[in-house]
There are 2 protein chains.
Amino acid sequence: MNLNVVTLPSLQPSRQAVTPTAKKPAMSTRESKKKQTRQALMNAALELVGRGDNFASISLREVAKNAGVVPTSFYRHFETMEDLGLSLVDELGMMLRRLMRSARQAGQSLNDQIKASVEVYVQHVLDNRNLFLFMVQCRSGGTPALRDAIRNELRYFVNELVIDISRADFLPHVSHEDLEMIVSLIINTVAETTLDILDLPTASRSQRARIETITIKQVRLIFLGALAWRSRKP
Amino acid sequence: MNLNVVTLPSLQPSRQAVTPTAKKPAMSTRESKKKQTRQALMNAALELVGRGDNFASISLREVAKNAGVVPTSFYRHFETMEDLGLSLVDELGMMLRRLMRSARQAGQSLNDQIKASVEVYVQHVLDNRNLFLFMVQCRSGGTPALRDAIRNELRYFVNELVIDISRADFLPHVSHEDLEMIVSLIINTVAETTLDILDLPTASRSQRARIETITIKQVRLIFLGALAWRSRKP
DNA sequence: CCCTCTTGTGTACAATTGTTCACTGAATAT
DNA sequence: ATATTCAGTGAACAATTGTACACAAGAGGG
């Protein structure tokens, strides 16, 4: 009754131990199988979130069923649902790092870079719908541990961007402290659009463009303010 | 077994119909009693939210028990938990209007007004902890109807502020459309702090001041950007 | 080859869930 | 004074929940 797509155990369930010593190096290896069902559980949870359920109200049993696994098996991988959530935050973190890498490659001028980065962000949100849904849900509605974990991931994002802007020397006149304040503002602004993007009627081009346009304007306006910041009152 | 504070039914439970025709104008009046338990249910839900539970995972029975009422009685007031949530959004809306009124009375210069408004907001969040917790939870983790209702309340906020700024002629050079973009940015920035305020270790003066300072800086920076906006490219 | 270790299964149980139904008693209307 | 309305009660229900336990079977090490 394995419903997960990645299932490998015995494609031919009848033959039990054909090729006994044949191939064991590449596949199976107990721990890789474990990783698979573990991932299946995480994916199942994400899918339920994508289906409209709040992560906080998802039951262990539902997750197990959706992963094609018996409820008690859940405990072999996670102590509790919150534990699974923390693993999802790890996955989220990796995704955010990929996003950061994509965003860095874009544009030369500041304006181009802003435009490209916002578009990359929106695209990433659409490509990882469930994970971002999980993020916005748990950021404000998760257990303290979950909220904290997500806050840390976003903090990493801020730190990286601070470094980038410092290196690029875009705002040489602002103190490090104020730069952090400004970057937080930018990140919050972009993050805030996440909800709007997720509520979009599945890929309405014009609506998506509208959100992008507004967000790009907002970030540009922030940079405008940053350029004027303290230039007259150092 | 009435646990709610506002209970009035028969303070002396023994006498049943003393003063039969005595006083009936001022108190009791069936429908006012109904409003009371209705409010008790809403307060119970808020208290559970304040206790750390996510609104999405709060059970009808728990709410009823916490309101000192039998579960079936819940249905006399709300069809479902989402229905109760929508009523909570109404309460939230009224509170936000009060907040708006408080914020309007503050300061003359733009800088003073920003400072005062942010401080008023933070104070309101601390004074209505549970209601704001409910708001941030449901804004991103509620059912579609709930999310929409809350989005509307925030939209009202944006519209009002747009009118205020238009009247005050602070930014005469920006189009109405761009003004909306800017005001959304401001509101989002302030709303974003809500989470940080709520996570504060219950009234840590210094931490609170830190958040206020940063937020004030951010809003001022936005206004700086707004003043420069399009002044060179109309 | 056998022994052990570990992932997944199946059964079981007490607790809690949303919802139904018939009821009670007091506030209201007549 | 009598009849009606209706907020709140209490028992009952089927379903779902988290968790415990003994067991099965295959992989991995000796």
Side-chain angles (χ1 to χ4, degrees), chain A residues 1-4 7-10 13 15-41 44 48 53 56-84, chain B residues 1-4 6-41 44 48 53 56-84:
Chain A
M1 204 207 269
N2 248 324
L3 299 179
N4 41 340
T7 176
L8 351 159
S10 66
R15 313 183 222 149
Q16 50 229 44
V18 156
T19 60
T21 56
K23 292 178 187 174
K24 85 174 136 184
M27 58 190 307
S28 240
T29 79
R30 198 145 61 181
E31 65 177 321
S32 86
K33 244 170 95 177
K34 178 165 187 180
K35 271 187 189 166
Q36 280 178 31
T37 51
R38 182 188 153 94
Q39 191 63 44
L41 286 167
L48 289 172
D53 297 347
S57 70
I58 293 178
S59 71
L60 178 156
R61 285 180 107 105
E62 223 174 340
V63 171
K65 188 196 300 178
N66 220 260
V69 137
V70 96
T72 42
S73 213
F74 182 95
Y75 295 108
R76 302 287 184 200
H77 306 273
F78 305 101
E79 288 198 355
T80 158
M81 276 296 291
E82 184 186 37
D83 190 15
L84 183 146
Chain B
M1 203 207 268
N2 249 325
L3 299 179
N4 41 339
V6 284
T7 177
L8 349 161
S10 68
L11 283 172
Q12 264 71 16
S14 42
R15 312 183 224 150
Q16 49 229 45
V18 153
T19 60
T21 54
K23 294 179 189 175
K24 86 174 132 184
M27 57 190 305
S28 249
T29 80
R30 197 145 61 181
E31 67 178 319
S32 86
K33 244 172 94 178
K34 180 167 186 182
K35 270 186 190 166
Q36 279 178 30
T37 51
R38 182 188 153 95
Q39 191 62 44
L41 285 167
L48 288 172
D53 297 347
S57 71
I58 294 178
S59 71
L60 177 156
R61 284 180 107 102
E62 223 175 338
V63 171
K65 188 196 300 177
N66 221 262
V69 136
V70 96
T72 42
S73 213
F74 182 95
Y75 295 109
R76 303 285 185 203
H77 304 273
F78 305 101
E79 288 197 355
T80 157
M81 276 296 289
E82 185 188 37
D83 190 14
L84 184 147

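- Protein atom NZ of A:Lys33 is 6 Å distant from nucleotide atom P of D:dA27, rounded to whole Å.
- Here the C1' atom of nucleotide C:dT17 and the CD atom of A:Glu62 are 13 Å apart, to the nearest Å.
- In this structure, of D:dG18, C:dG18, D:dT9, it is D:dT9 that holds the atom nearest to the side chain of B:Val69.
- Remark on DNA chain C: of its neighbouring residues B:Arg76 and B:Glu31, the 5'-side contact belongs to B:Arg76, judged by nearest-heavy-atom nucleotide.
- Contact record, A:His77 with A:Thr37: CE1-OG1, 3.1 Å, taken as the closest heavy-atom pair.
- Nearest nucleotide to the A:Leu60 side chain, out of D:dT19, C:dT9, C:dT6: D:dT19.
- Rounded to a whole Å, the CD atom of A:Gln36 is 13 Å from the P atom of D:dA27.
- The base of D:dT19 sits with one of its N or O atoms less than 3.5 Å from a complementary donor or acceptor on the side chain of A:Arg61.
- Taking only side-chain atoms of A:Val70, from C-beta outward, the nucleotide of C:dC21, D:dT5, C:dG10 with the closest atom is C:dG10.
- Residues A:Ser57 and B:Ala56 approach most closely at CB-O, 3.7 Å, considering heavy atoms.
- Set against D:dA20, D:dA7, C:dT20, the side chain of A:Thr72 has D:dA20 as its closest nucleotide.
- Within the nucleic acid shown, B:Ser73 comes within 4.0 Å of at least one base atom, counting heavy atoms only.
- Of the candidates D:dG26, C:dT19, D:dT17, the closest approach to any side-chain atom of A:Arg30 belongs to D:dG26.
- The CG atom of B:Asp53 sits 11 Å away from the P atom of C:dT17 (whole-angstrom rounding).
- Distance OH (A:Tyr75) to C1' (D:dA22): 16 Å, rounded to an integer number of Å.
- Considering only side-chain atoms of B:Lys34, the nucleotide from D:dG28, C:dG8, D:dA7 that sits closest is D:dA7.
- Counting all heavy atoms, side chain and backbone alike, A:Ala64 lies closest to A:Leu41 at CA-CD2, 4.0 Å.
- Comparing A:Ile58 and B:Arg38 by the nucleotide of DNA chain D whose heavy atom lies nearest to each, the residue mapping closer to the 5' end is B:Arg38.
- Note: CZ (A:Phe78) to C1' (D:dG18) measures 17 Å, nearest angstrom.
- Rounded to whole angstrom, the span from the CZ atom of A:Phe74 across to the P atom of C:dT6 amounts to 20 Å.
- Under 4.0 angstrom from either OP1 or OP2 of C:dT17 there lies at least one side-chain N or O belonging to B:Ser59.
- Here the nucleotide nearest the side chain of A:Thr29, chosen from C:dG8, D:dG28, C:dA12, is D:dG28.
- At least one side-chain heavy atom of B:Asp53 sits less than 4.5 Å from a side-chain heavy atom of B:Glu62.
- Rounded to an integer number of Å, the gap from A:Lys65 NZ to D:dA15 C1' is 11 Å.
- You'll find the side chain of B:Leu60 stays beyond 4.5 Å of the side chain of B:Phe78, heavy atoms only.
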